[in-house]
There are 2 protein chains.
Amino acid sequence: MTRMLNALKKRLARCCAPLQGTRVSEKDALRYARLFKALGDETRIEIVSLLANAGKELCACEIEAHFDLSQPTISHHLKILREAGVITAERQGLWIYFKLNRPCSGDMADFMRLLK
Amino acid sequence: MTRMLNALKKRLARCCAPLQGTRVSEKDALRYARLFKALGDETRIEIVSLLANAGKELCACEIEAHFDLSQPTISHHLKILREAGVITAERQGLWIYFKLNRPCSGDMADFMRLLK
DNA sequence: CGATTATATTGACAATTTTCTATATATGTG
DNA sequence: CACATATATAGAAAATTGTCAATATAATCG
């Protein structure tokens with residue numbers, strides 16, 4: 001068997017056919033990763049579930065009251081959720097109210113559509 | 001104004017009405033957090049998008065070929081995705097094929113339903 | 001069996017994340 | 001203005017994560 005045939009055989013033995021098609025853009029990959037990173041923490045999932053269950057906006061102190069964590073720690077988690085677009089914040093006098101930003105589930109739906 | 005009235009006023013000035021209803025269970029919070037943590041990395045999002053776009057299973061070497069990362073690093077990411085139930089793996093001879101585990105989007109749908 | 005190839009695991013290091021204490025900022029009250 | 005309260009920020013320590021080089025394991029081939 002010639003060397004050429006060996007090379008051909010090796011190519012046929014490839015594990016996968018070559019791929020075409022495009023991957024998600026780097027920009028979208030970053031966007032999705034940021035959203036999921038924000039949700040990838042047990043405390044933050046519970047904050048989100050608290051807001052979802054309340055069905056209304058809650059001030060930071062109410063949220064804090066449900067956790068065994070310091071005020072700055074909860075403030076930090078709220079900031080991460082806010083920056084990822086999962087929640088929004090609005091000051092009313094002395095309090096700052098947080099609520100779910102429902103459009104964010106649009107991003108998640110986009111991602112699920114990607115999965116087909 | 002008596003001290004009692006002051007205390008009452010303070011209670012009326014509460015930022016939020018007390019909450020009833022139940023939060024997500026701790027078990028579910030962990031489950032969601034693990035899923036989202038797995039997806040909260042740009043490389044892993046791109047692996048998932050690669051598999052989604054290919055529309056078929058891919059062996060590890062094919063996946064590796066799309067990244068500028070070492071083989072052990074990709075292997076590590078594949079393991080995390082596998083353990084979170086995002087992908088499944090099946091050995092066929094020398095190669096191990098990875099494919100999307102579509103039921104995982106059921107978990108995500110559950111979470112989105114939580115958000116209402 | 002020995003050699004080769006594909007993938008996984010180990011162990012180390014660097015980067016990032018979570019958490020805290022201490023302090024700052026913003027708003028409201030007397 | 002001084003004081004109280006709600007939230008944010010800074011800075012540091014501890015835990016977790018992403019990465020790599022080296023090595024191990026598993027399957028195949030001769």
Side-chain angles (χ1 to χ4, degrees), chain A residues 1 5-7 9-16 29-30 33-47 57-84 87-99, chain B residues 1 5-7 9-16 29-30 33-47 57-84 87-99:
Chain A
M1 211 192 263
L5 281 180
N6 269 323
K9 188 175 157 202
K10 196 169 263 179
R11 211 168 313 141
L12 287 173
R14 260 183 68 88
C15 45
C16 325
L30 258 166
R34 208 177 56 139
L35 171 61
F36 291 129
K37 202 172 294 197
L39 294 172
D41 177 275
E42 207 189 336
T43 299
R44 293 195 291 268
I45 288 286
E46 296 200 28
I47 291 174
E57 51 192 22
L58 297 177
C59 71
C61 61
E62 178 74 36
I63 295 171
E64 279 157 31
H66 287 79
F67 294 92
D68 206 22
L69 292 168
S70 71
Q71 176 268 319
T73 297
I74 297 297
S75 180
H76 171 246
H77 286 307
L78 290 170
K79 184 181 188 181
I80 288 175
L81 288 170
R82 198 153 33 80
E83 288 177 347
I87 63 178
T88 58
E90 191 188 348
R91 182 180 279 275
Q92 280 176 39
L94 208 43
W95 297 296
I96 300 183
Y97 286 87
F98 295 89
K99 69 175 171 198
Chain B
M1 208 193 260
L5 280 181
N6 269 324
K9 188 176 158 202
K10 197 169 261 176
R11 211 169 313 138
L12 287 174
R14 261 183 67 89
C15 46
C16 322
L30 257 167
R34 207 176 54 139
L35 170 62
F36 292 129
K37 203 173 294 199
L39 293 171
D41 176 277
E42 208 189 336
T43 300
R44 293 196 290 268
I45 288 286
E46 296 199 28
I47 290 174
E57 52 192 19
L58 298 177
C59 70
C61 61
E62 178 74 36
I63 295 171
E64 279 158 31
H66 286 79
F67 295 91
D68 208 22
L69 293 169
S70 72
Q71 176 268 320
T73 296
I74 297 297
S75 180
H76 172 245
H77 286 308
L78 290 170
K79 184 181 188 181
I80 287 174
L81 288 170
R82 198 153 33 80
E83 287 178 346
I87 63 178
T88 58
E90 191 190 347
R91 182 179 279 275
Q92 281 176 37
L94 208 43
W95 297 296
I96 300 183
Y97 287 87
F98 295 89
K99 68 176 171 197

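To find a chain, count down the sequence lines: A is the first, B the second, and so on, and within it residues start at 1.
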K.L.:
Between B/Phe67 (CZ) and D/dT19 (P), how many Å, whole number?
P.N.:
10 Å
K.L.:
Assign A/Ile96 to base, sugar-phosphate, or nothing according to its heavy-atom contacts below 4.0 angstrom with the strands shown.
P.N.:
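The answer is sugar-phosphate, as A/Ile96 gets under 4.0 Å only of primed atoms, P, OP1 or OP2.
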K.L.:
Would you indicate what B/Leu69 reaches in the nucleic acid, counting non-hydrogen atoms under 4.0 angstrom: base, sugar-phosphate, or nothing?
P.N.:
sugar-phosphate
K.L.:
Does a side-chain heavy-atom distance below 4.5 Å link A/Ile80 with A/His76?
P.N.:
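Of all side-chain heavy-atom pairs linking A/His76 with A/Ile80, at least one is under 4.5 Å.
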K.L.:
Do you know the tightest heavy-atom contact between B/Lys37 and B/Arg44?
P.N.:
O-NH2, 3.2 Å
K.L.:
B/His77 or A/Leu78: which one's nearest nucleotide on DNA chain D is closer to the 5' end?
P.N.:
A/Leu78
K.L.:
Between C/dT18, C/dT7, C/dA22, which one does the side chain of A/Pro72 approach most closely?
P.N.:
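Output: C/dA22.
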K.L.:
Please report the distance, rounded to the nearest Å, between CD1 in B/Ile74 and P in D/dA21.
P.N.:
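It works out to 13 Å between those atoms.
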K.L.:
Take the protein atom CD of B/Glu42 and the nucleotide atom C1' of D/dT17, then report the distance between them rounded to whole Å.
P.N.:
15 Å
K.L.:
Looking at B/Arg82 and B/Thr88, what are the two nearest heavy atoms and their distance?
P.N.:
CD-C, 4.4 Å
K.L.:
For a quick test of reading the model, state the closest non-hydrogen atom pair linking A/Leu78 to A/Ala60 and the distance between them.
P.N.:
CD1-CB, 4.2 Å
K.L.:
For A/Gly40 and A/Gln92, find the nucleotide of DNA chain C closest to each by heavy atoms; which residue's nucleotide sits nearer the 5' end?
P.N.:
A/Gly40
K.L.:
Taking atom P of C/dT7 as reference, at what distance in whole Å does atom CD of B/Glu90 sit?
P.N.:
14 Å
K.L.:
Where each residue is assigned the nucleotide of DNA chain D containing its nearest heavy atom, which of A/Thr73 and A/Leu94 is assigned the position nearer the 5′ end?
P.N.:
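Looking at the nearest nucleotide for each, A/Leu94 comes out on the 5' side.
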K.L.:
Does a nitrogen or oxygen in the side chain of A/Arg91 sit under 4.0 Å from OP1 or OP2 of D/dA6?
P.N.:
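Answer is no, no contact under 4.0 Å.
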K.L.:
In this structure, how many angstroms lie between the P atom of C/dT16 and the NZ atom of B/Lys37, rounded?
P.N.:
17 Å
K.L.:
For B/Ser70 and D/dT19, is the shortest distance between a side-chain N/O and OP1 or OP2 below 4.0 Å?
P.N.:
no
K.L.:
Separation of B/Glu83 atom CD from C/dA8 atom P, in whole Å?
P.N.:
11 Å
K.L.:
Kindly give the heavy-atom pair with the smallest separation between A/Ala89 and A/Phe98, and that separation in Å.
P.N.:
CB-CE2, 3.5 Å
K.L.:
Nearest whole angstrom, please: distance from the C1' of D/dA8 to the CD1 of A/Ile80.
P.N.:
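Between C1' of D/dA8 and CD1 of A/Ile80: 14 Å.
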K.L.:
Look at the side-chain N and O atoms of B/Lys79 and state whether any lies under 4.0 Å from the OP1 or OP2 oxygen of C/dT9.
P.N.:
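Checking C/dT9 against B/Lys79, a side-chain N or O does come within under 4.0 Å of OP1 or OP2.
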K.L.:
With a 3.5 Å cut-off and just heavy-atom distances, do the side chain of A/Gln71 and the base of D/dA8 make a donor-acceptor pair?
P.N.:
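Yes, the side chain and the base share a sub-3.5 Å donor-acceptor pair.
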K.L.:
Specify the separation, in whole Å, of atom CG of B/Leu39 and atom P of D/dT17.
P.N.:
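Distance check: B/Leu39 CG to D/dT17 P gives 15 Å.
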K.L.:
For B/His76, report the nucleic acid contact type (base, sugar-phosphate, nothing); a contact means any heavy atom under 4.0 Å.
P.N.:
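Touches a base.
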